[in-house]
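Since the structure comes first, as structure tokens, the remarks are kept for the end.
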Amino acid sequence: MKIAISGSEGQLGLAWQAYLSGDLEVSKSIPSAVHPGYFESIIPKHVVTGEIVWIPLNRTQFDLSTPELIQNVLDRFKPDILINTAAYTKVDQAEEEQAIALEINAEGVATLAKACKKRGIKLIHYSTDYVFPGEVEDAHLYPQGYPESASTNPINVYGETKLKGEQALLNIGGDFLILRVSWLCGFHGNNFLKTIIHRAHTQGHLKVVNDQIGVPPFTKAKRPMFSKLSTSKLEELGIEVRPWQNACKRVVSSLKNH
């Protein structure tokens, strides 16, 4: 099996690479003889049988705003699965750079969806809680978090472009999976958890907002006040969702060891 990971230098992309390279004690990786500079990971048989080759692709190698590049890369590597973590994520700047955000988050995803469908590539696409309005009242309406069926209504440009990307994928079809995430926290990249830890080390006291609600998964334009997403569908599939407290301790421990 061959897996391509777009957005390989972002928080999600780096987390996927850490997982496949064995940082989570699931696999062992060796330099690839097939694609120099990449890796091959042997997954234990109790997880899946066979060899997995994973290919990290940064923005220079795989730019969602360049359709020709998308086509060329997919034809060159011929992945079985493409994990798309690439996106325009500058929430504040998106208010001024609407065309660029739309080009990457919506038009780029549409191009990607068509290319994957044409080649029979399974596409895993990451979206965001920002497709929902995030009203405080929704915390009472959806105490377990927004379900996938909840009505979408973005309150900023970033959310609008991500929603259009979802809609393009749904309209085009193919073999795909959309995963919405919120409040990403992990060892790699910049995130809320690392910011709090840094400030705790450098400042005498902390001032943090206490009127936003969310569930951080672990790997100023107008923001939603309620960002909790339901995990019921994952649990129905038999996927264990670890308590965030345990995942938080794991990430903090990793940061201390580095």
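Values below: every heavy atom of this structure, side chains too, minus hydrogens, waters and symmetry copies.
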What's the spacing between [X] [atom1] and [Y] [atom2] if we round to 0.5 Å?
X: N153; Y: E135; atom1: CG; atom2: CD; value: 8.0 Å
X: L179; Y: I83; atom1: CG; atom2: CD1; value: 9.5 Å
X: K118; Y: I172; atom1: NZ; atom2: CD1; value: 13.5 Å
X: T152; Y: L163; atom1: OG1; atom2: CG; value: 4.5 Å
X: Q93; Y: Q98; atom1: CD; atom2: CD; value: 13.0 Å

K2 side chain vs W54 backbone, donor-acceptor pair below 3.5 Å: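 No: the side chain of K2 does not pair with the backbone of W54.
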Is it true that a side-chain atom of S182 and a backbone atom of S227 form a donor plus acceptor pair closer than 3.5 Å?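 A pair under 3.5 Å: yes.
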Heavy-atom side-chain proximity of [X] to [Y] below 4.5 angstrom:
X: I3; Y: W16; result: no
X: I124; Y: I81; result: yes
X: F62; Y: L82; result: yes
X: I5; Y: L57; result: no
X: L169; Y: L123; result: yes
X: D175; Y: K117; result: no

Qualifying side chain to side chain donor-acceptor pair (under 3.5 Å) pairs, either residue in residues 229-238, two or more places apart: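 Qualifying pairs: S230-S232, T231-E235.
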With sequence neighbours excluded, give me every side chain to side chain donor-acceptor pair (under 3.5 Å) pair touching residues 77-89.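 For residues 77-89: S6-N84, N84-H125, Y88-E97.
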Pairs involving [range], ordered by first then second residue, that meet salt bridge (Lys or Arg N to Asp or Glu O under 4.0 Å) (sequence neighbours left out):
range: residues 157-173; value: E166-R180
range: residues 103-114; value: none
range: residues 54-70; value: R59-D63

Closest non-hydrogen atom pair, [X] against [Y]:
X: Q17; Y: S8; result: NE2-O, 2.6 Å
X: D138; Y: P133; result: OD2-CG, 3.6 Å
X: A86; Y: L64; result: O-CD1, 3.7 Å
X: A110; Y: A168; result: CB-CB, 3.9 Å

List in chain and number order the residues that pass side-chain hydrogen bond (donor to acceptor under 3.5 Å, both in side chains) with [X], two or more places apart in sequence or in another chain; answer none if no residue qualifies.
X: D75; value: R119
X: N156; value: none
X: N58; value: E9
X: T161; value: N105

State plainly whether one hydrophobic cluster holds both [X] and [Y], where clusters connect Ile, Leu, Val, Met, Phe, Trp and Tyr through side-chain heavy atoms under 4.5 angstrom apart.
X: L102; Y: Y126; value: no
X: V91; Y: I155; value: no
X: I100; Y: L69; value: yes
X: I178; Y: L112; value: yes
X: I121; Y: I70; value: yes

Sequence-distant partners of Y130, ring-ring contact (aromatic ring centres under 6.0 Å, His included), two or more places apart: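 For Y130 the ring-ring contact (aromatic ring centres under 6.0 Å, His included) partners, ignoring immediate neighbours, are Y158.
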Could you tell me which residues satisfy ring-ring contact (aromatic ring centres under 6.0 Å, His included) with F132, sequence neighbours excluded, listed by chain and number?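 Here the qualifying residues are Y146.
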Only counting residues at least two apart or in another chain, list the ones meeting side chain to side chain contact (heavy atoms under 4.5 Å, CB included) with L237.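 Per chain and number, L237 pairs via side chain to side chain contact (heavy atoms under 4.5 Å, CB included) with I239.
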